[in-house]
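Each remark here refers to the structure printed beneath this line.
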Amino acid sequence: MNIEIYYFSGTGNSLYIAKIISEKLQGKLIPIPSLMNKSVIESEADVMGIVFPVYFAANATGIPFLVKRFVKKLEGLDSKYIFSVCSSNNMPCKTIGNLSKMIEFNKGKLSSGFNINMCNKKLSDDMKQKFYNLLKIKKMDAENKNYYSIEKTKDKIDYIVEIVKNKKEIKLETQSMFGKIMFLPFLFLFKLVFLIRYRKLSKKSTFNFSKLVQFSDKSFKSNKECNSCGICEKICPVDNIKIIHGEPKWLHKCESCYACYQWCPKEAIYGDIVRYNEKYHHPNIDVSELIY
């Protein structure tokens with residue numbers, strides 16, 4: 001089989017998944033940002049994989065804006081076996097289902113779609129508590145039993161590889177209709193909370209959420225620890241950062257991947273935009289692998 005695996009990653013989680021799948025299937029690994037200057041993207045592979053993180057806070061569909069733009073450019077999908085893997089922090093919701101609809105619109109079919117929980121338990125609990133604080137909820141829910149484990153991730157990847165190797169069409173790992181109905185009130189609450197938050201960050205009043213996200217980088221700052229190394233500029237998937245007079249400047253086309261914040265070697269980047277985020281990147285991924 002001729003296999004191509006397209007990926008987008010900020011912390012390195014999705015790249016880690018894509019790398020192992022690529023190695024096991026002997027596929028070609030292709031970073032999505034490297035293709036975005038093309039007006040049309042057409043793969044010659046028999047099998048296509050799309051690997052990306054769930055961005056539910058910044059995007060109600062769960063699909064990063066960059067990945068949505070990538071999928072819209074895809075052509076010639078009708079004869080391909082397409083699979084997708086999303087990496088999430090406990091809450092993938094209907095991300096895979098939304099991706100399936102986008103692929104169908106482009107006359108393709110998502111034959112298999114998976115979620116891998118890359119949750120670091122301590123980070124998850126800390127982030128949940130911060131979110132509850134944002135909503136002024138004092139007590140956290142019951143302790144989440146899921147936790148990040150490299151071995152657990154590898155087990156799931158082995159399962160995915162077997163499905164793809166045999167080109168099986170299986171039920172997509174996405175939210176059921178019952179789950180959608182049950183989650184609907186929370187979805188409305190999340191949208192409202194994040195609309196207010198991103199309006200504050202971007203200092204804009206528009207209802208266009210993608211615009212709010214792009215301009216939310218206005219709240220990024222760098223402190224005196226910055227040594228002008230340029231890693232933030234190089235690692236940004238959409239060329240949104242330039243080093244000017246020795247300091248990073250954000251250009252208002254942010255993807256909300258926070259790669260600049262996560263990978264800064266001096267921890268010099270901060271701001272309200274990452275107020276509820278802990279610094280984290282995948283322990284088995286080097287920063288050089290994310291510089292396209």
Side-chain angles (χ1 to χ4, degrees), residues 6-19 29-38 41 50-59 62-73 86-87 89 118 197-198 201-204 208-223 225-282 284-292:
Y6 300 86
Y7 72 91
F8 168 58
S9 189
T11 63
N13 280 348
S14 293
L15 173 54
Y16 175 76
I17 293 168
K19 274 182 70 176
L29 201 57
I30 304 171
I32 288 174
S34 69
L35 303 171
M36 295 311 294
N37 61 338
K38 296 184 176 183
I41 300 170
I50 305 172
V51 184
F52 61 93
V54 173
Y55 283 177
F56 193 70
N59 185 352
I63 308 169
F65 293 124
L66 183 69
V67 177
K68 291 176 78 172
R69 295 197 300 273
F70 163 74
V71 173
K72 287 178 180 177
K73 293 184 178 190
C86 67
S87 60
N89 188 9
M118 299 294 282
R197 173 164 161 70
Y198 276 91
L201 291 172
S202 65
K203 298 177 182 178
K204 284 187 170 291
N208 185 325
F209 207 78
S210 61
K211 277 292 178 194
L212 293 179
V213 172
Q214 287 180 319
F215 278 80
S216 65
D217 63 4
K218 284 184 176 181
S219 67
F220 267 128
K221 299 173 185 176
S222 61
N223 61 30
E225 297 298 322
C226 176
N227 64 356
S228 308
C229 69
I231 285 177
C232 56
E233 180 181 29
K234 293 172 185 173
I235 204 171
C236 179
V238 289
D239 295 324
N240 186 46
I241 302 171
K242 297 296 177 189
I243 302 297
I244 301 174
H245 303 308
E247 296 180 354
K249 300 296 180 185
W250 286 263
L251 308 178
H252 313 320
K253 48 182 180 178
C254 187
E255 283 289 326
S256 195
C257 72
Y258 306 154
C260 55
Y261 165 74
Q262 305 289 11
W263 291 94
C264 176
K266 294 294 184 179
E267 299 189 6
I269 293 174
Y270 69 103
D272 284 345
I273 189 171
V274 287
R275 180 180 173 187
Y276 301 103
N277 292 73
E278 300 288 343
K279 289 188 75 69
Y280 163 84
H281 52 75
H282 197 282
N284 290 0
I285 294 296
D286 187 82
V287 64
S288 61
E289 297 178 86
L290 284 167
I291 295 174
Y292 304 112

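All residue numbers in this chain count up from 1 along the given sequence.
Across all non-hydrogen atoms, the minimal contact from Leu201 to Ser219 is CD2-OG, 3.4 Å. The two residues Ser202 and Ser216 make their nearest non-hydrogen contact at CB-N, 3.8 Å. The minimum heavy-atom distance linking Phe52 with Pro64 is given by the pair CD1-CD, 3.5 Å.
Here the side chains of Phe8 and Ser14 are not in contact, with every heavy-atom distance at 4.5 Å or above. Put simply, the side chain of His282 reaches to within 4.5 Å of the side chain of Asn13, judged on heavy atoms. In this structure the side chain of Tyr16 never reaches within 4.5 angstrom of the side chain of Tyr7, judged on heavy atoms. Side-chain contact check for Lys253 versus Gln214: some heavy-atom pair is nearer than 4.5 Å. In this structure the side chain of Glu289 never reaches within 4.5 angstrom of the side chain of Leu29, judged on heavy atoms. For the pair Ile17 and Met118, the minimum side-chain heavy-atom distance is below 4.5 Å. Looking at Tyr276 and Arg197, their side chains come closer than 4.5 Å, going by heavy atoms from C-beta outward. Counting heavy atoms from C-beta on, the side chains of Pro248 and Cys226 come closer than 4.5 Å.
In this structure, the separation between OH on Tyr6 and CD1 on Ile30 is 4.0 Å, given to the nearest 0.5 Å. A distance of 12.0 Å separates CD1 of Ile63 from CZ of Phe70, quoted to the nearest 0.5 Å. Rounding to the nearest 0.5 angstrom, the gap separating the CG atom in Leu290 from the CG atom in Leu15 is 5.5 Å. One finds the OH atom of Tyr55 at 7.0 Å from the OG atom of Ser256 (value rounded to the nearest 0.5 Å). In this structure, the separation between CD on Glu255 and CG on Leu66 is 4.5 Å, given to the nearest 0.5 Å. Rounding to the nearest 0.5 Å places CH2 of Trp250 at 14.5 Å from NZ of Lys218.
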**Item:** side-chain contact (heavy atoms from CB on, under 4.5 Å) evaluation trace for Lys19 with Ile285
**Value:** CA-CA 10 Å; Lys19 274 182 70 176; Ile285 294 296; 4.0 Å; yes

Could you go step by step and tell me if Tyr258 and Phe220 meet the side-chain contact (heavy atoms from CB on, under 4.5 Å) rule? CA-CA 10 Å; Tyr258 306 154; Phe220 267 128; 4.0 Å; yes

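The environment of Lys221 atom NZ is sparse: at most 12 non-hydrogen atoms of other residues, nucleotides or ligands sit within 6.0 angstrom.
Of the residues listed (Ile241, Val287, Ile243), the one engaging Ile231 in a side chain to side chain contact (heavy atoms under 4.5 Å, CB included) is Val287, and it is the only one.
Between the side chain of Lys242 and the main chain of Leu251, no donor-acceptor pair closer than 3.5 Å is present.
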May I have the list of side-chain donor-acceptor pairs in residues 263-274 shorter than 3.5 Å, sequence neighbours left out?
residue: Trp263; atom: NE1; partner: Gly10; partner atom: O; Å: 2.8

